[in-house]
Amino acid sequence: MISINKKYQLVTVLLASFIIMIMPVNCLYSQTQNNDTNIIKSVSIVESIDNQSDESLINNGSVDTTQENPWLWEVNYFGKSFYLVNALMVVIVASIAIMFVLLALILLNRSRLERESKLRQFLLEKYQSLILDYLFVGSGIEGFYKIASNSFRRQVLIDTIIDISINLKGESGYKLQQLYIDLQLDKDSLAKAKSKKWHVKVKGFKELAFMNLKEGNDEILSALQSKNDILRMEAQIALVRLSEENPFEWLYFQTHPFSLWEQITLHSMLIQHEIKVPLFSQWLDSPNYTVVMFALRMIREYNQTDNEDAIFEVLHHEREEVRQLAVEVCGDLELASSLKILKSRYKYEIYPIKIEIIRSMAKVPRESMLGFLKLVLDKEDDVQLQIESTKAIENLGDAGIRELNKLMDSEYKNYQIIIRHVLDKRIV
Amino acid sequence: MEFILGQFIFIFTIVLLLSYLMLGTYSAISLNKYFKKNSFVNYNQLVLSPLSPNVTIIAPAYNEGKTIVDNVRTLLSLYYNQFEVIIVNDGSTDDSLQKVIEAYSLVRVNYFFDYQMPCERIRAVYRSENPSYSRLTVIDKVNGGKSDSLNAGINVSRSNLIVTIDTDSIIENESLLRLVKPFLEEKEKKVIGTGGVIRIVNSCEVVRGHIKKVNLPKAFLPRLQVLEYTRAFLLGRMAWSQLDGLMLISGAMGMFDKETVIKAGGYSTKTVGEDMELVLRMRRYMNENKQKYEVTYIPDPLCWTEAPSDVKTLARQRSRWTRGLIQSLYTHRKMFLNPRYKVLGMMSFPYWLFFEWLAPLLALAGFIYTGYLIYNNMMNWPFYLLLFAFVYSVALMLSTWSILYEEITFHKYRHKRDVVKLFLTAMIEPFFYPFHTYFALKGNIDVIFNKKGWGKQQRKGFGQKTKKK
């Protein structure tokens, strides 16, 4: 992406150069007009043609060519046309020139991409074999120096080492880290982490985190409260990888919203790198509701049911989306003790949470809820609520099925279509 | 009068070209931002994550017998974890339904509908007995048009996010991953819709519903449309998204927040431009309810569609687009120059009104005016040629600009000769403009005479047409 950025810069520079280039041409054009030597005459001359007699113009010694000049007729048509014609011609020349510059850029870009792709392929194969020799045959690092001679080649080497390190653990992983340091690639990564450009910084953070190098921790810490979402997220991820004591401590100070994308990224990293998982209930009372949601999701993923009361507290959270997730988590974790609270909250909740409550009751089937579920099926007009409550009744087992069979014959309300829908196992 | 008309057309052209330049610049900013931001993204984590949201793909099908089995297979093999596919057979008169039933071992189920969105009667719902196709649901309903089918699909969908597609399109494998990301990044503003780039499949090598090799269309008309699509998607929509004025997510593929779609009233069955109309209505709903929202756009190719390869079909398609545009603009005329709708009302709406709807009509006036001047021997030929050179050079520059964007974003056409071919097409394209004017005029006439429906669609089927022998 740096190459794309460079391309934009190049286009900007070329466009600016072109504008600077055509400015003198334009000025020259005006000067020649003032000297009455150009066939395209100024408005003043045109007006003078209108106002003066032919004789006086002949005396000025400038008209013979202009009177027959087709441009002048057109100039009259548009009034201020000297500027117009001038501007149009400048735009035409500029457009054609820009077009050629863009075409050249396209073709140059193509050649560069092809060249780079071939070189990358060559380097990848070379580096892979060198790294494998280093790790398993015990070869030295001299071979690397010969081909890692410029920044592009060093970057390919960094990428290759990182790719290989993903699948290596233990002694080999440590050796690879040592190779990274011996080749002074850590300095490249650190320089990136200190860059003023955020996207370069992010690359540096990623490389340092992958290679488990702590030299850039100060930079990473300072990026934790950055306004740039991506930089902040990458700093969080890097810190979780690099901190040994409390990798999630920053969650206490997280003031910015913590998007689902960031949560997914962090969770994927927890799984991928087998990082020690903390007790997430400690963040259930965070003032940042997105942190609470992340904690709830992690509690569900890691089945952390040791602090049920803290989860139940969240059922009363001021934000609807948090309450909804808390209800969902109660169901997914099959917290039977939540059923009573869920039942009592039902009538106060908004529609999506009502649906979620009934779904949770289906996940934690208890016969004690049968009466309530029948009431929902009976009293609620909403189809979705009726379907969900029927599903919950069916999940109660024999007692539920018996109840549904009774309802099928009910004359009070036609439940048949809903019950058939629920009992059809081909409908998920 | 002649003077005023001449000046008006001239100023209009200048403003139009300036707005293109502005959009091109904004697009460059937006593209730069997007590619920097997404260069670190690992989309694969979404496939594995249990936190990824469920998505429902809704594909209406009408007489798609030639391609439907392959296209359903492509949909079922999309790279995403939690999704369902709903095919809505909109009362096809061919063997579409039978083919799908046989190919995917479908059986009728006892489905109970919640008609949240009004739609024509649903005759039956089919599900597969084969667990490999457990993601698939097929709805058979009475014919009601594309919008009606999409509404029926919404009624059956079980996810909060819906993806609406054209069944005859070929979907990129990773398109769901890319479309869902803006929804996951949502913070203060609710993301209500995301669109992306639609590309042209003509002359590409397609095997069993997947693109095997990308080729530039051999025929002139589809190649012309490649250029148009690149300009529209990369120069236009990318910029409007950056400006928060995006009015259109292509009907070929877009992802929407189901709750907002339902609250806004779903797809309108009264227009043939249901894609634009829905976005306008959703945005209007959010604005009027003072909710913070955004409609995002990603410059990634999402799906491939067959472009008309003969003038007759192209005329029908463009005429339909014009009708859809007029209907959408008329329905939401309240937004025109209304500061309440911010960029949408003050910039996007006037842009679409003047430069997308009225520009061809004004071009027609220009042609008539030119004819009048020539007939009366009043034509100022030197200035006419100068103006022509001006419009032509700027148009060519803009097309080259879009080819550059194509080059640095997708780089799909691998041969150098493809760039040359595209450039040559760009050189010829302005001479095709009178045809576009005619198509647009036809669309306007159709609106006046209240023509309805999509017109006959001719599909050749990707496999037969494009597979290399």
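Small disclaimer: the values here were computed from a predicted structure and weren't measured. Below, chains carry the letters A, B, ... as their sequence lines are ordered, and counting in each starts from 1.
Open room surrounds CG on B:Asn160; 12 or fewer heavy atoms of other groups in view lie less than 6.0 Å from it. Other residues, nucleotides and ligands place more than 12 heavy atoms under 6.0 Å from the CZ atom of B:Phe388. More than 12 non-hydrogen atoms from other residues, nucleotides or ligands lie less than 6.0 angstrom from NZ of A:Lys425. Annotation: B:Tyr26, atom OH; neighbour count of heavy atoms from other residues, nucleotides and ligands within 6.0 Å does not exceed 12.
The contact between B:Ile403 and chain A is made by backbone and side chain atoms together, counting heavy-atom distances below 4.5 Å. The parts of B:Leu51 that come within reach of chain A are both its backbone and its side chain, each placing non-hydrogen atoms under 4.5 angstrom from that chain. Proximity to chain B (any heavy atom under 4.5 Å) is restricted, for A:Glu262, to the side chain, taken from C-beta onward. Contacts between A:Met298 and chain B at a heavy-atom distance below 4.5 Å involve the side chain alone, from C-beta outward. Contacts of A:Ile387 with chain B are made by side-chain atoms alone, with heavy-atom separations under 4.5 Å and no backbone atom involved. Heavy atoms closer than 4.5 Å to chain B are found nowhere in A:Thr290, neither backbone nor side chain. Proximity to chain B (any heavy atom under 4.5 Å) is restricted, for A:Ile230, to the side chain, taken from C-beta onward. For a residue to count as touching a neighbouring chain, one of its non-hydrogen atoms must lie under 4.5 Å from one of that chain's; by this rule B:Val180 does not touch chain A. In this structure, chain A has a heavy atom under 4.5 Å from the side chain of B:Val419, while its backbone stays farther away. If you measure heavy-atom distances from B:Glu188 to chain A, the contacts under 4.5 Å come from the side chain alone. For B:Glu185, the parts lying under 4.5 angstrom from a heavy atom of chain A are both the backbone and the side chain. For A:Ser268, the part lying near chain B is the side chain, with the backbone staying farther off; criterion is any non-hydrogen pair under 4.5 Å. With a 4.5 angstrom heavy-atom cutoff, B:Arg414 touches chain A only via backbone atoms. With a 4.5 angstrom heavy-atom cutoff, B:Tyr111 touches chain A via backbone and side-chain atoms both.
Each of A:Ile92, A:Leu107, A:Leu260, A:Asp229 has some count of heavy-atom pairs under 4.5 Å with chain B, and the biggest count is that of A:Ile92. Interface remark: of the candidates B:Leu46, B:Leu48, B:Val420, B:Leu46 forms the most heavy-atom pairs closer than 4.5 Å to chain A. Interface summary for chain B: among A:Thr265, A:Leu231, A:Ile418, the most heavy-atom pairs under 4.5 angstrom belong to A:Thr265. Between chain B and the residues A:Leu423, A:Asp382, A:Val91, A:Ile271, the most heavy-atom pairs under 4.5 angstrom are made by A:Val91. Per-residue counts of heavy-atom pairs under 4.5 Å with chain B were compared for A:Ile96, A:Val422, A:Ile264, A:Ile417; the largest is that of A:Ile264.
Residues B:Ser157 and B:Lys258 bring a donor and an acceptor atom of their side chains to less than 3.5 Å of each other. No hydrogens or angles considered: nothing links the side chains of B:Ser402 and B:Thr230 as a donor-acceptor pair under 3.5 Å. B:Gln291 and B:Lys263 are not linked by any side-chain donor-acceptor pair at a separation below 3.5 angstrom, with hydrogens and angles left out of the test. A donor atom on one side chain and an acceptor atom on the other are not found under 3.5 Å apart for B:Gln242 and B:Ser27. Donor-acceptor pairing under 3.5 Å is lacking for the side chains of B:Gln116 and A:Gln384. For the residue pair B:Ser399/B:Arg231, the side-chain donor-acceptor check at 3.5 Å is satisfied.
The shortest distance between side-chain heavy atoms of B:Asp114 and B:Asn155 does not fall below 4.5 Å. Contact of the B:Phe113 side chain with the B:Val125 side chain is registered, since non-hydrogen atoms from C-beta on lie closer than 4.5 Å.
Atom CZ of A:Phe294 and atom CG of A:Asn288 lie 12.0 Å apart (nearest 0.5 Å).
Residues forming a ring pair (Phe, Tyr, Trp, His ring centres under 6.0 Å) with B:Phe390 (at least two apart in sequence, or on another chain): none.
Interface with chain A: from residues 131-138 of chain B, no residue qualifies, criterion being any non-hydrogen pair under 4.5 Å.
By the 30° and 60° cut-offs, the orientation of the rings of B:Phe10 relative to B:Phe383 is tilted.
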